[in-house]
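A short worksheet on the structure shown next.
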Amino acid sequence: MSYSGVTASIPLGQYGLLTDSSPGSLPLGALIEAKNIILNNGLVQKAPGTQIYNSTALDSKIVALWDWFPTPFIQRLIAVTSNGSIYRDIGDKSFSSTTAINTGYATLTPRATFVEGGNETAGRDKKLFLFTDGIEPVQVLAGDGTAFATISKPAVDWTVNNYPRVGVNHRNRLWAFQGQRAYASTTGDHEDFQAGTILTQSIFPGEGGDIIGAFVFKGRLFAFKEGEFVYYLNDSDVSSTNWYWLKLASNFGLASPNAIVNALDDMLAGNATGSITSYKATDTLGDIESADVLRAAGMERYLRRTTHPLGLSYMHSIYDEELKQIYYTYRSTYTTENDMMLNIDINRNSPRVTYIQKGTPTCLAIRKDVNNISGPIYGDASGYVHIMNAEDRLEGATAYEGAFQTAYADFKEVDPSLGVKQKHFDFLWVEFVEEADADLTIDVYIDGKFMETVTTKLELRNEELDQFDLDVDRLGQYTTVSNPIPLHGMGRRISFRVSNSGSNQSFQIASLTVGFRPAHEGVTLF
Amino acid sequence: MANFRTTADYLDSILLLAGETTNGNSAFETRALHYLNRIHNSIIQGGNEFNVEVDEVWPWSLSPDPIIIDLKPKYTTGTVALTNGSTTLTFSSAPTISLAGYHLKLDGNDNYYKIVSHSANTTTGTIEAAFEATSVTANNYKAIKLDYELIPAHFNITSVNNKITFTETTVGTELTASLTVKSYASAADLITEIQTQMDSAGASTYTVTYNSVTRKFTITSDLSGGDNLFSLLGATGTESSIYASAFETLGLGLKDHTGAAAYTSERPIGSICKLIQPFKLDTGYNETAEIYGVDKIRFSSDYPISTVVEGNPTRFAIIEERDDGYIKVRFNKYVESEKRIEIHYVPTPLDLYDNAKSHPLIPRKHSLVLEYGGAAYLMAEKNDGRAQQYFQLAGSLLEAMMRNNRKNSERVGKYFGEIIARPDLMSSTRKRLMYGTPEEN
């Protein structure tokens, strides 16, 4: 006898965190918790794990990482630590047996930034410049050198406490920003800020604070000041002497020098309020509200409730082109390091947001793998570099929880009258891609109250997933299966928190389907 | 739910059948317990919860100890004085027993006057209404006792109901008072023993009282010992099982009683939910007579008090019945000499509680009626369409339970296996009677 109740599906993977709307108006499939999950391929999947790159920890917290190619065929990994050391790895994952190439800098923070330059003319080395948020003079690593050095010709007014805070490479010049002033090197030597051909110009002096960020997007140089001011350089004239700065905005800015990223056809900046601003939308629409990515995603208030503002000034961001994911580091409440990432999936027109809450990612970078495919990496507070997007669902060697909770569903989408009716919840069908040796734990909430925990195996076939039987198994089989799980309880709205946290356990969930029998509208008979 | 004996087991089953969780998070936990108690009480009282045709006396529901009533002969010692227009009664010599509740008849006067107050060994008392006849100063009389309260006079404490578990500390260090195994002649005797044993087991001082009107015990601690608290451990005490605990005897629910200095019986002592008729009267010479009940109106018509004579009673009527299980009966005769009546009854069951110490009285083999019945009510409350189906199931199970009960009665009965073609032609002594009195059949 078939089930005579109503079955209603909650599709997953269409929405990320969607928490700022009225709970009653959230669409089916919206998530009110999204921890260590990603949403690509139309599924909710447990976020990939990480592999620890260096077996021995660096001497302190890693505050900046750079995948450095001094030549097209030589790859180095440069790491800066908070106690003022710089490490260089040649690919053996040892960082020269954990020996720093530079030491003795003052305490550095994740506001340190790298800028690639040099190679101004044929035969000259590529150079990697290190800006330390004004703590130290601008440092440079020439070619495949083994140590950074202070640039050879800094501007004469760059003295102690007046070093440039950030820099950027634009129009064949290295631009450095000190206080409220922009400096551009000569085109022939990116270390030369003394020759007569350098450019220097104050940017709206007296307005706001220091320039703390700079970025080039679609050929335009943007500068970001403390105080939420944003400027861009009008360099349309052929003569650099006629270039001048224009103000773009004065009510949003940049949280940290590393909080800005270019993704697809957009420039995204983590702003001083903790949200993320889309500059494409800003430029096109002139509408600041519509440029707020997190508000558009409907989870801005949730982010403010779950993160600590002290972490914003150390925010890092990267864009993973392969998976179309943007990552921003945040600091969760009651912690002293940035220890979580906001994951923005831009595979679809509207961004979908989830949280990555494992490890302590203090700085982010992109690194090419052996196949020359760029992937995300991060440095942590313990001195380890993590290669992200690892197949194993382990953070290094540590298991982590992947979890999401669906918004409360009253199934008025199925029938408007169901919105006010009590329902007898009978079954839950979980549609998933089979995973070997994985369990799924589902906490059931009815009308805001935890009701029960149900579990299911993520392997329905009576065989080992890793086993291949000739004439039985099909190659490349990728399909979803589902199984019913009895539910208990009665109420109007139901929500499911789905998770697993076992060692190397993953999940890929396509949908949840609820079987229920409608009851009355809430009048108790007895 | 392995053994399926405890209230917690039944409750879980009801919740599961009704589609609710059993982890304590269901909003219907309390309601499920309410329905379980409702069905449990109903079945014990006869069982017409799901089937109006069912009204059984379940052998397992009977009190293990009958109520013993000593019928009193008339009292005639001395004379009485009564004054016209007064309710005061004066005996020439103080009766050695209390004559309160007796009916007084003066020689030479046809009327009976009910004595509403009198204490043993005192010469004065009062009658229920002013004396209307000519005053008398030394009139012979007889006082007869026709009305009896059906309350157990004694408390039988055995090894299966002699433990009181309690604690005086926040960590719940369990203390056990073991009552001496014997039959206590009165509540006063029992409370003395309870006090003694609890004082001995604990550090606080305990006072136990018995209210003869409410028929409830109250155990009070002065909170001087331990952590200055007092809890009775009906659910979590190791000696709280139905095979050891005195809680039920004292009318205390099988749950933990916490947060107070005093706890009082939930159920009155000797609370009756069903009387078993006829009463058995010990007539002497190894013989018993049966006393059948009739309704109060017919009794007053057939046996007006003015016609009451001396002899063994043959009829009784319930003249007072209260919601707390209190019953008072009147007999149609007063005995010539003191006689003993054993009255079997079904006690009012204690409430069931959601714990492993609380047990329904219904045998395990009939447990489905509790499960399906409770689930049916819960489903009805939840507007679950399956409710009617479960009501029918519960009704069928109850009927099966009734048939099983009768089959069992027949198997152990005197006439099991005998073919009786024309019962109406048999002598009345061999009729098998199901309902009513022999005269009605």
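Lettering of chains follows the sequences in order, A, B, ..., and the numbering in each one begins at 1.
Rounding to the nearest 0.5 Å gives a distance of 6.5 Å between CD of B/Glu20 and CE of A/Met451. If you take OG1 on B/Thr21 and CD1 on A/Ile446, they are separated by 8.0 Å, rounding to the nearest 0.5 Å. The distance from the CG atom of B/Asp384 to the CZ atom of A/Arg517 is 4.0 Å, given to the nearest 0.5 Å. Separation of atoms NE2 (A/His488) and OG (B/Ser26) is listed at 10.5 Å; rounding is to 0.5 Å. Atom CG of B/Asn383 sits about 9.5 Å away from atom NZ of A/Lys421, to the nearest 0.5 Å. Separation of atoms OG1 (B/Thr22) and CD (A/Glu452) is listed at 8.0 Å; rounding is to 0.5 Å.
For chain A, the nearby part of B/Asn23 is the side chain; its heavy atoms alone come within less than 4.5 Å.
Minimum interatomic distance between B/Glu381 and A/His520 (heavy atoms only, all atoms of both residues): O-NE2, 3.8 Å. Pairing each heavy atom of A/Met490 with each of B/Lys382, the nearest pair is CE-O, 3.0 Å.
Counting only residues at least two apart or in different chains, side-chain hydrogen bond (donor to acceptor under 3.5 Å, both in side chains) contacts with residues 17-26 of chain A are absent.
Taking a 6.0 Å sphere around CZ of B/Arg403, one finds it holds 12 or fewer heavy atoms contributed by other residues, nucleotides or ligands.
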